Number of protein chains: 2
Amino acid sequence: MKLLNRAGELLSNEGPSALSLRRLAADVNTSTTAVYSLFGGKPALLDALYDEGFRRFGERLAMVPETDDPVEDLIQIALTYRDSALQDRQFYVVMFSKVVPDFMPTTETYIAASGTFVPVVKTVQRAIDNGSFLPNEAPEVIGLALWSICHGLVSLEIYGILPPGLEIAPVFERAVRASADGWRTH
Amino acid sequence: MKLLNRAGELLSNEGPSALSLRRLAADVNTSTTAVYSLFGGKPALLDALYDEGFRRFGERLAMVPETDDPVEDLIQIALTYRDSALQDRQFYVVMFSKVVPDFMPTTETYIAASGTFVPVVKTVQRAIDNGSFLPNEAPEVIGLALWSICHGLVSLEIYGILPPGLEIAPVFERAVRASADGWRTH
DNA sequence: ATCGTATCGTAACAGTGTTATAAAACGAAA
DNA sequence: TTTCGTTTTATAACACTGTTACGATACGAT
């Protein structure tokens with residue numbers, strides 16, 4: 001599907017505002033109607049990109065190796081989260097920000113995207129079983145907290161609203177480690 | 001300025017996509033040109049709303065009383081952060097999300113907005129001086145970490161991409177407390 | 001009262017997503 | 001191979017967006 005590839009390129013190279021149907025159609029030598037017969041419109045095209053973004057994202061997160069230190073595994077997942085987001089930052093804003101007015105993913109696509117979160121919860125569960133993390137805390141809650149600090153820091157970074165003159169990478173790691181420590185058994 | 005008031009209403013009630021210049025001008029019985037002579041265009045109008053959003057936001061955060069337990073103060077600031085964001089959620093997405101393509105606040109407006117962050121850092125400093133938080137950690141970093149988990153959770157909540165069937169308020173508080181605990185001296 | 005600036009209305013321009021209509025391409029059945 | 005039916009495509013128009021040139025109006029200070 002040349003259209004989808006080119007849409008991904010346009011999104012990555014020039015951002016969401018360059019992703020107009022006329023521009024896209026002209027780039028692959030067709031007309032805008034193609035988008036409607038093949039996808040169903042611009043929202044559906046965004047849905048496909050949303051899906052693609054989460055596919056890449058989940059692929060990379062799942063690639064983090066599993067060691068016998070689950071808390072350290074979580075840190076590595078977090079670092080991978082940031083790397084992946086920065087690598088596909090234009091996809092990231094489609095996935096996690098309202099970059100296109102009134103765009104919402106299909107519930108089907110949304111459910112598929114939710115799978116990205118599963119390895120995090122599993123690793124948290126291992127940390128609980130391990131005795132590293134507090135028992136009697138729902139692993140989804142801990143996972144969500146760690147996921148959120150990643151999302152919060154990364155989106156602030158991508159939107160350029162972080163204090164300037166800040167070496168972000170070490171700050172990110174430090175923040176994630178502290179956040180994980182908050183769930184540790186003492 | 002009736003235009004700005006109506007723009008805020010439109011933004012709050014119907015979201016950013018309802019904020020078109022023609023709609024806005026018609027609602028206050030004028031024409032779109034008024035926006036250009038009074039503000040300078042739609043980006044400048046958004047800039048004014050961005051400013052207004054941060055003004056309200058900062059006002060509420062600064063209203064959190066200062067006790068002799070700075071860590072607890074930080075928790076209260078965090079809870080206020082969420083309350084304020086949910087109260088003005090359409091403003092929040094203008095402030096922290098790319099809801100209008102290629103919109104960026106003026107550096108002047110951005111600097112004013114940055115002031116919102118100051119009370120957080122000050123409270124963190126008090127927690128360090130207090131002996132509650134680890135010394136030799138930059139208060140900006142700790143403040144940023146706490147700010148980020150608030151931002152991460154709240155934006156996930158506002159965008160509706162949180163696991164369904166979740167009582168968010170207690171999860172939010174639990175996550176913030178754990179995140180703060182991560183910076184505590186043991 | 002007059003001048004100069006600021007504001008406003010009308011209308012047009014370029015761009016967007018979307019859709020009706022008709023032509024073309026393709027695949028399967030006769 | 002030929003025919004039929006579905007899918008895909010191209011053209012053009014529609015309604016909408018932000019923006020701007022132009023002219024008229026209103027307002028405030030000299």
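These numbers were taken from a predicted model, which means no experiment stands behind them. Here is how names work: the chains are called A, B, and so on, in the same order as the sequence lines, proteins then strands, and each is numbered from 1.
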Outermost DNA chain C nucleotides near chain A [under 4.0 Å, heavy atoms]:
dT16(C) to dT19(C)

The reported gap from CZ in Arg126(B) to CG in Asp68(B) (rounded to nearest 0.5 angstrom) is 8.5 Å

Would Asp83(B) and Arg60(B) pass as an ion pair if we require N to O under 4.0 Å?
no

Check the surroundings of atom CG in Asn13(A): do more than 12 heavy atoms from other residues, nucleotides or ligands lie under 6.0 Å from it?
yes

Between Arg56(A) and Asp51(A), does any NZ, NE, NH1 or NH2 come within less than 4.0 Å of an OD or OE carboxylate oxygen?
no

Tell me, with the steps shown, if Trp183(A) and Val141(A) meet side chain to side chain contact (heavy atoms under 4.5 Å, CB included).
CA-CA 11 Å; Trp183(A) 300 99; Val141(A) 170; 4.2 Å; yes

In residues 4-12 of chain B, which ones come under 4.0 Å of DNA chain D, going by heavy atoms?
none

Could you check how far OH of Tyr36(B) sits from P of dT19(D), rounded to whole Å?
3 Å

Intra- and inter-strand pairs of DNA chain C in dot-bracket (Watson-Crick or G-U wobble, both distances under 3.5 Å; | for another strand):
.|||||||||||||||||||||||||||||

Apply side chain to side chain contact (heavy atoms under 4.5 Å, CB included) to Val71(A) and list each qualifying residue two or more places apart in sequence or on a separate chain.
Asp69(A), Ala127(A), Ser132(A), Phe133(A), Ala180(A), Arg184(A)

Mind checking if Leu45(A) touches a base, just sugar-phosphate, or nothing, with heavy atoms under 4.0 Å?
nothing

Short N-O contact, Arg174(B) and Glu137(A), less than 4.0 angstrom:
yes

Rounded to the nearest Å, what distance is computed from the NZ atom of residue Lys42(B) to the P atom of nucleotide dC16(D)?
15 Å

Anything under 3.5 Å between a protein N or O and an N or O of nucleotides 8-12 of chain D, put it in a table, one pair a line.
residue : atom : partner  : partner atom : Å
dT9(D)  : OP2  : Ser37(A) : OG           : 3.4
dA10(D) : OP2  : Thr30(A) : OG1          : 2.5
dA10(D) : OP2  : Ser31(A) : N            : 2.7
dA10(D) : OP2  : Ser31(A) : OG           : 3.2
dA10(D) : N7   : Thr33(A) : OG1          : 3.1
dT11(D) : O4   : Thr33(A) : OG1          : 3.3

For a side chain to side chain contact (heavy atoms under 4.5 Å, CB included) check, start with the C-alpha distance between Phe39(B) and Asp47(B), then their side-chain angles and the critical distance, and finish with the verdict.
CA-CA 9 Å; Phe39(B) 292 92; Asp47(B) 204 71; over 6 Å; no

Under 30°, 30 to 60°, or over 60°: which ring-plane class applies to His151(A) and Phe96(A), parallel, tilted or perpendicular?
tilted

Check this for me: does any side-chain nitrogen of one of Asp181(A) and Arg177(A) sit under 4.0 Å from a carboxylate oxygen of the other?
no

Any salt bridge between Glu66(B) and Lys122(B), counting N to O under 4.0 Å?
no

What's Leu19(B) touching, base or sugar-phosphate or nothing? Going by heavy atoms closer than 4.0 Å.
sugar-phosphate

Those residues that, when tested against Leu162(B), pass side chain to side chain contact (heavy atoms under 4.5 Å, CB included) (two or more places apart):
Leu144(A), Leu156(B), Glu157(B), Ile168(B)

Apply the test ring-ring contact (aromatic ring centres under 6.0 Å, His included) to residues Tyr81(A) and Phe57(A): give CA-CA distance (whole Å), side-chain angles for both, the deciding distance (0.1 Å), then the verdict.
CA-CA 8 Å; Tyr81(A) 181 110; Phe57(A) 204 54; 4.9 Å; yes

